[in-house]
Amino acid sequence: MPPNVARLPRNSAGRPVPGNIAWYEADDDGAILVTRDDELGGHVTCPCTPGNGTPRFGEQCPVRQRQLMLQRCCGLCTQAIEPTAQMVFVGEIDAQYYLEPPLHPLCAAYALQVCPVLHAAGERIEVALTQSYTLAEDRITGVSANGTLRRSTFPFGDPVAHHLAVLEFYLAFPDTPERLTAPTWLTQRGPRVCTVNGGSSNRK
Ligand SMILES: [Zn+2]
Ligand SMILES: [Zn+2]
C-alpha cells in the first residue's frame, strides 16, 4: 500500500477510502445542495468531511472532485501530481473523458489490484497514461418529469454556462493519452519497478 494511501481515513472494514469519495453522516438526507458565486455560477456544494460518517464507494464528493481535478491532485491519495510526471486515468475502453480525477501510477496500480470492482472488470478496464489533461464542466441543466437530472458538458469557465446550468463535476480529457488494458499495464509495470534510474543494482 502506498504510504499516502495508508494515511487515508478508513471505512468500517479497515479499507482506505479514496480522497474523492463522498461521506454521509447519520442526519444527511442526500439532498443535492446548490449554491452560487461569481467564480462558478450555480454549483453543487457538499458539507461532507472525510473520516466523518460512512463513505459511499462509487459516489464522488462534488467539492473534492472539483478540487482534485483543478489542482492536478491524485483522486486516491489526494497528493499533488508533479507537473512533468505521468499520470493515470482509469476507465472503460476508449473513454474520451474521465469523471474520476487522475492517479499517481503507484496509486493506480494499487487501486487496480485491491478494488473489487476494477479487479473484476479486468480487460474491460483501460488505463490512459498522459502528462496533461483539459477540463470541461459537467453541469445540471434541468430535471425531467420523472426526476432524472438532465446534464450537459460545457467548456471550462464558459461564462454563459454560469447562468444556464449548475456545475457538479469537472470532466478530464487526457491530452494524447497512451492507452493500455489494465492487466497489460500492470504486467508491464512489474519489471520496471526494479530498473528505476540510479537503482541500487550496481552497488557492490
Ligand atoms: Zn462532500
Ligand atoms: Zn496518489
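When a ligand or atom number is given, it counts from 1 through the structure's own listing order.
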Quiz prompt | Any side-chain donor near an acceptor of the partner, Thr54 and Asn11, under 3.5 Å | solution = no
Quiz item: Would one find more than 12 heavy atoms of other residues, nucleotides or ligands at under 6.0 Å from atom OH of Tyr24?
Solution: yes
Self-check item: Angle, SG of Cys48 through the Zn ion (ligand 1) to SG of Cys46 - 10° precision
Solution: 110°
Exercise. Check the angle between the aromatic planes of Phe89 and Tyr133 and answer parallel, tilted or perpendicular using the 30° and 60° thresholds.
Key: perpendicular
Quiz item: By atom name, which N, O or S atom belonging to His104 lies closest to the Zn ion (ligand 2)?
Solution: ND1
Exercise. Would you give the angle at the Zn ion (ligand 2) between Cys107 atom SG and Cys74 atom SG, to the nearest 10°?
Key: 110°
Quiz item: Any luck finding a side-chain donor-acceptor pair between Asp175 and Thr130 under 3.5 Å?
Solution: no
